[in-house]
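The block underneath contains the structure these notes are about, expressed in structure tokens.
These figures come from a predicted structure and were not determined experimentally. Residue numbering restarts at 1 for every chain, and letters A, B, ... go by the order of the sequence lines.
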Amino acid sequence: MTAIIDQAPAHKIRRHNPRPRLRWAVSDALVLVGRGMRHTIRNLDALFMSVFLPIMLLVLFVYVFGGAIEVGTEYINYVVPGIILLCAGFGAAVTAVNVTNDMATGVIDRFRTLPIANWIVVFGHVVASMARNLFATGLVISLALVMGFRPTGSVLDWLGAVGVIALFILTMTWVSVMFGLIAKSPDAASGFTFFILFLPYVSSAFVPTDTMPSVLHGFAEHQPITPIIETVRGLLMGTPIGNNAWLAVAWCVGILVIVVPVSGQLFRRRTSR
Amino acid sequence: MTESPPAIEASGLRKSFGKTEVLKGVDLVVERGAVLALLGPNGAGKTTAVRILSTLLPADGGVATVGGHDVSRAPNEVRSVVGIAGQYATVDEILTGHENLVMIGRLYHLGKSAARQRADELLEQFDLVEAGKRPVKTYSGGMRRRLDLAASLIAKPPIIFLDEPTTGLDPRSRQSMWNVIRELVESGITLLLTTQYLEEADQLADRVAVIDHGRIIAEGTPADLKSTIGNERLELEFAGSAELTAAAGVIGVDTIRRHEPDTKLSLAVDGPDDVRQILTALDAAGVKVADLALLKPTLDDVFFSLTGTIQDDAEGNAA
């Protein structure tokens, strides 16, 4: 009946009950995704930031700066892919705040006492982030079309572009999850979102990188956002893609391969004290 | 009691955080249907003990079974028989009270309509029907605690852990929380609650274990505990230390505790007769009492009588 407690951490020896695990995991995940969606709708700040901020930026860049920026084509056609990624990246970064909130308050303790796999809590945030940001992306594209964005891509190109954007959102979401697990307070986590917000500025999102000073140019050329933007731009506008598509996918997959297991480890560490 | 094993049984629980040894070998037994209060000041190790027993934290050493299941070997089985409500309400701020309960019910795999029904029942039981429609962030501290307790009861667990259920609540919310807990206890659950308030332990528990610096220093019924400290404490104030010394001589020093400014004495008394006797004796000896107060014993008094030292932690006082 009793046994000596050894050093084995509890998480290594849980979930050996004969429940139809997969079925419950799907049902649990749906419940937690529903929670994430409710958070998005209730949390007006986050919704405003991830939907309206990119729209405002779109208007700002096209109508205020656009007239003065010479990129060899209609500026709106150049800048929209950049705005889409800015929007997606920033929206995904909000996930960091949500994850920190769960960890810093007692909410995670409640989930841990439930008969669910703990990682589903994080999964709920990831899926909600995907849904939120794909929605925001759709909104930005629709508005851009109204404002005169004239993409030339075929249906297949569009599918490819949406795929790359979705992969980018997934990557940024997981990076955000990792930061959310590192941050001790929601304030610290929201600081991270600003870092993400500025990353696209030092890329080919708004101006071609060869217009930048050499140091910045080097960074902008080799940071992951540039090949992703060039890929989306190429697919939608028919500009040359070159090896950018492979680079974009490699960056995203490479980051995911590191960040997902690290997040798993951080999650286990934070939930065992 | 009966042949069945105790609901909660722990022996030699140890836990350190870095170099700080929080639990130094804690032994506890709670029989089925009983209520044990784990009484101690901040930092005594109460929350750590509860987190270990509820599988939220692995112990460094020792043995613990809850509902007959080993907490480290069979955490899932333990979780299926316990409900936990913490001192930090573990409910989602952004969701409404009702949504919180339905979500948790569904994660217990009750099914959609059963989860809704259970949520309605619990909101009714905890007087939160109206509040259930509002987001939790609009709730008062007392409402949050009640919702948190409701959340821990969704799967009707036979064993409940309550970590400082009334810390930080105003007296009225405390009373209503006590009533809710009493009803629960009447329904036959086993309860382990932690508290800093002697009065709370006295009001709710069958047995009290006093924890201090990671060790259980006393264990018994509330009556046992009170018999060591008296039902009430008489605090006497004198004009100066000369009178104090004289008074100490008259009363007999064994039950006396001196306070910081050397003009106050407090001692255990058992009802008005005791007080009258003491005052009469002082009067007869010609020692003048400047002021007096009859106080309910606090955790400080428990510690004083158990350890002979006054706690350095001022927050151990009962409100």
Completion exercise
Rounding to 0.5 Å, atoms CZ (A:F111) and CD1 (B:I104) come to a distance of 7.0 Å
Does any part of the side chain of [Y], heavy atoms only, come nearer than 4.5 Å to the side chain of [X], both counted from C-beta?
| X | Y | value |
| --- | --- | --- |
| A:T113 | B:L56 | yes |
| A:R110 | B:D148 | yes |
| B:L107 | A:L32 | yes |

Exercise for the section: Please lay out, stage by stage, how A:R38 and B:D92 fare under the test salt bridge (charged side-chain N to carboxylate O under 4.0 Å, His left out). Expected result: CA-CA 11 Å; A:R38 283 206 167 99; B:D92 189 319; over 6 Å; no
Practice task
I would like to know whether A:D109 and B:R51 meet salt bridge (charged side-chain N to carboxylate O under 4.0 Å, His left out); could you show each step before the answer?
Solution key: CA-CA 10 Å; A:D109 282 348; B:R51 288 179 72 85; 2.7 Å; yes
Considering all heavy atoms of both residues, which atom of [X] and which atom of [Y] are nearest to each other, and what is their separation?
| X | Y | answer |
| --- | --- | --- |
| B:T96 | A:R42 | N-NH1, 4.1 Å |
| A:R35 | B:L95 | CG-CD1, 4.4 Å |
| A:L114 | B:Y108 | CD2-CE1, 3.2 Å |
| B:V91 | A:V107 | O-CG2, 3.5 Å |

Exercise for the section: Kindly say whether A:R112 contributes a backbone atom to a donor-acceptor pair with the side chain of B:R79 at under 3.5 angstrom? Expected result: yes
Handout entry: Interchain contact, A:I108 with chain B, by part (heavy-atom threshold 4.5 Å)
Key = neither
Handout entry: chain A-proximal positions within residues 149-159 of chain B [heavy-atom distance under 4.5 Å]
Key = B:A151, B:S152
Exercise for the section: Determine whether more than 12 heavy atoms belonging to other residues, nucleotides or ligands lie under 6.0 Å from atom CD of B:E121. Expected result: yes
Handout entry: Region of B:E99 that comes under 4.5 Å of a non-hydrogen atom in chain A
Key = side chain
